[in-house]
Amino acid sequence: MRAACYSSFVAAASLPLTSTSSAASDPRRLSLSRSSLRCSPLRRGGGGVARALDERLLEAAAAAPAPAEVEVEDESGVTEVEDGGQWEGEGAEEGVGSSEAEGEQGQRKSKRQQQQQQQEEAAAAERDRFKLINGKEIFQEKTYLVGVECKRAGGYDFSIEESLKELEQLADTAGLMVVGSTYQKLSNPNPRTYIGSGKVGEIRTAIQALDVETVIFDDELSAGQLRNLEKSFGGSVRVCDRTALILDIFNQRAATHEADLQVTLAQMEYQLPRLTKMWTHLERQSGGQVKGMGEKQIEVDKRILRTQISTLRKELESVRKHRKLYRNRRQSVPIPVVSLVGYTNAGKSTLLNRLTGADVLAEDKLFATLDPTTRRVLMKSGTEFLLTDTVGFIQKLPTMLVAAFRATLEEISESSIIVHLVDISHPLAQQQIDAVDKVLKELDIESIPKLVVWNKIDNTDDPLRVKEEAEKQGTICISAMNGDGLEEFCYAIQTKLKDSMVPIEAFVPYDKGELLNDIHKVGMVEKMEYMENGTFVKAHVPLPLARLLTPLRQQVAAAL
């Protein structure tokens with residue numbers, strides 16, 4: 001036994017000489033040798049030979065130089081770093097863990113940066129959705145358009161696609177952002193939702209996909225249909241119809257107190273029947289019981305609205321009287337009045353600015369101006385007339401809007417001539433003409449002479465062909481933008497005015513020279529002869545002036 005132990009000691013004594021040198025070159029082996037020394041069962045014995053062997057091994061390890069960092073590439077191709085002659089087993093795992101943590105931290109940082117960038121882009125997009133219209137900052141809501149083509153008698157001249165296109169122009173004028181549209185063909189509208197249930201589901205899907213905020217229908221909806229559609233679309237989406245959109249545009253464009261009164265009256269008359277079923281959170285009246293709070297609230301709201309409508313009508317009546325005073329003052333010196341009517345965006349304001357040098361707002365938008373503007377026009381012949389720009393018409397024009405603008409439209413009924421201005425470059429020019437004629441019939445002004453003028457001739461594809469067609473129909477072609485055809489227009493106005501005037505022969509004394517001046521201003525003088533006591537005049541004058549000249553006309557008859 002002792003011999004065996006001695007031989008093992010001898011073998012162990014010979015081990016440090018070889019293992020020390022190899023450990024110096026290979027730190028992994030040195031590390032393993034140290035660990036084996038710490039755990040060696042030989043240390044359990046108390047022999048001096050083992051103790052001496054341990055001391056020799058420790059001295060040899062201490063005398064060996066510390067190796068530099070060595071990169072070891074294992075079989076998998078992963079490079080591992082060994083530092084200080086010690087194999088970084090656990091240290092390597094910690095390094096990998098720290099690098100993974102740094103990577104996760106970098107990913108979180110990049111995600112935060114991306115989220116911040118997205119938020120900034122969203123905020124910039126929200127800021128870009130604000131639009132300045134007539135000095136008012138309007139938020140461009142995302143809008144979806146819906147139309148219905150019904151197979152009913154007395155339909156509109158516009159097709160459903162054309163009507164939706166015009167509705168899109170109205171939405172753009174109101175400052176809305178149209179993101180999509182759809183339409184449905186029905187024999188009769190659905191009394192509950194105006195459209196079919198399948199189309200309601202299709203629109204609901206489009207609302208979610210396009211983040212729609214407002215849905216606009218091309219026809220007027222009842223109060224129940226509006227409420228049912230809002231409930232079907234989720235409640236957070238606003239539903240309105242074409243009438244509400246037009247009233248909103250008029251509200252934005254109203255620049256004077258009179259226009260504001262007229263638009264407010266039309267809006268209140270539109271809202272009055274739609275107050276029903278709005279107070280769903282309150283109680284309702286049930287059969288055989290006393291009225292609930294909800295019914296009382298609706299009655300109170302309607303009473304307040306009716307009172308406000310009555311007040312507005314009184315104010316508008318005073319406006320009518322004020323305008324009538326102006327008309328009576330004009331009739332004292334009866335200058336002919338020519339009213340410009342036509343479809344909206346036909347170029348009426350541009351023509352007024354071109355002929356009179358006025359600075360009326362003229363834009364390529366629907367309902368750019370609402371307030372009537374009257375300016376004096378002096379023709380080359382010396383004849384004068386007043387040119388009045390009126391509000392434009394449109395198909396499906398709300399009836400309450402026509403009633404509210406009665407004070408403005410009365411200017412047309414007092415006109416000597418009505419000039420119907422047509423945008424001949426528009427693909428639906430004939431349909432627009434029919435829509436204007438329909439409104440003019442409602443105003444009962446068919447007895448007033450009318451002159452049809454085709455505007456925007458320079459925007460047509462073949463101006464020469466259009467002019468030839470106009471000559472066959474006896475229509476004047478002009479371009480209010482560049483002034484083409486305005487001389488012919490003024491000559492046609494003069495001819496029409498002559499047809500509407502009364503031929504007279506009068507003897508005007510020299511002490512009444514102001515009457516002779518009025519004849520030159522508003523009439524058309526054909527012959528003048530200066531005599532001993534006055535001037536003999538043969539001319540065409542407006543009917544009011546002809547009545548003023550009646551005594552002088554009798555003098556001529558007596559002289560003859």
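Note that the numbering runs from 1 along the sequence shown for the chain.
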For this session: State whether the number of non-hydrogen atoms from other residues, nucleotides or ligands found under 6.0 Å of Met528 atom CE is greater than 12.
Result: yes
For this session: Using a 4.5 Å cut-off on heavy atoms from C-beta on, say whether the side chain of Asp172 contacts that of Val178.
Result: no
Exercise. Can you check side chain to side chain contact (heavy atoms under 4.5 Å, CB included) on Leu229 and Val237, steps first, answer last?
Worked result: CA-CA 9 Å; Leu229 287 169; Val237 179; over 6 Å; no
Exercise. Any side-chain heavy atom of Phe217 sitting closer than 4.5 Å to one from Ile195?
Worked result: yes
Exercise. More than 12 non-hydrogen atoms from neighbouring residues, nucleotides or ligands closer than 6.0 Å to OH on Tyr491, yes or no?
Worked result: no
Exercise. Should we say atom CG of Asp462 is surrounded by more than 12 heavy atoms from elsewhere, each under 6.0 Å from it?
Worked result: yes
Validation: residues 304-313 side-chain donor-acceptor distances under 3.5 Å, sequence neighbours left out:
unit_1	atom_1	unit_2	atom_2	d
Thr307	OG1	Arg303	O	2.9
Thr311	OG1	Thr307	O	3.0
Arg313	NH2	Glu269	OE2	2.7

Exercise. Do the non-hydrogen side-chain atoms of Thr214 and Cys240 ever get within less than 4.5 Å of each other?
Worked result: yes
Exercise. Atom OH of Tyr343 and atom CD1 of Ile394: how far apart are they, to the nearest 0.5 Å?
Worked result: 4.5 Å
Exercise. CD/Gln267 to CZ/Phe250 distance, rounded to the nearest 0.5 angstrom?
Worked result: 11.0 Å
For this session: Could you go through the side chain to side chain contact (heavy atoms under 4.5 Å, CB included) check for Leu516 and Thr535 one step at a time?
Result: CA-CA 8 Å; Leu516 190 62; Thr535 306; 4.3 Å; yes
Exercise. Does the side chain of Glu149 come within less than 4.5 Å of Ser163's, by heavy atoms?
Worked result: no
For this session: Would you indicate whether the side-chain heavy atoms of Leu351 and Leu340 approach each other to under 4.5 Å?
Result: yes
Problem set entry | Distance (rounded to the nearest 0.5 Å) between Asn517 CG and His520 NE2 | 7.5 Å
For this session: Give a yes or no on whether Glu488 atom CD has more than 12 heavy-atom contacts from other residues, nucleotides or ligands under 6.0 Å away.
Result: no
For this session: Answer whether the closest heavy-atom distance between the side chains of Arg242 and Leu170 falls below 4.5 Å.
Result: yes
Problem set entry | Derivation and outcome, side chain to side chain contact (heavy atoms under 4.5 Å, CB included), residues Leu355 and Phe489 | CA-CA 10 Å; Leu355 289 175; Phe489 170 75; 3.5 Å; yes
Problem set entry | Residue pair Gln432, Phe158: steps toward the side chain to side chain contact (heavy atoms under 4.5 Å, CB included) verdict | CA-CA 9 Å; Gln432 291 182 355; Phe158 288 72; 4.1 Å; yes
For this session: Scan for salt bridge (Lys or Arg N to Asp or Glu O under 4.0 Å) pairs involving residues 423-433, sequence neighbours excluded, and state none if there are none.
Result: Asp423-Lys456
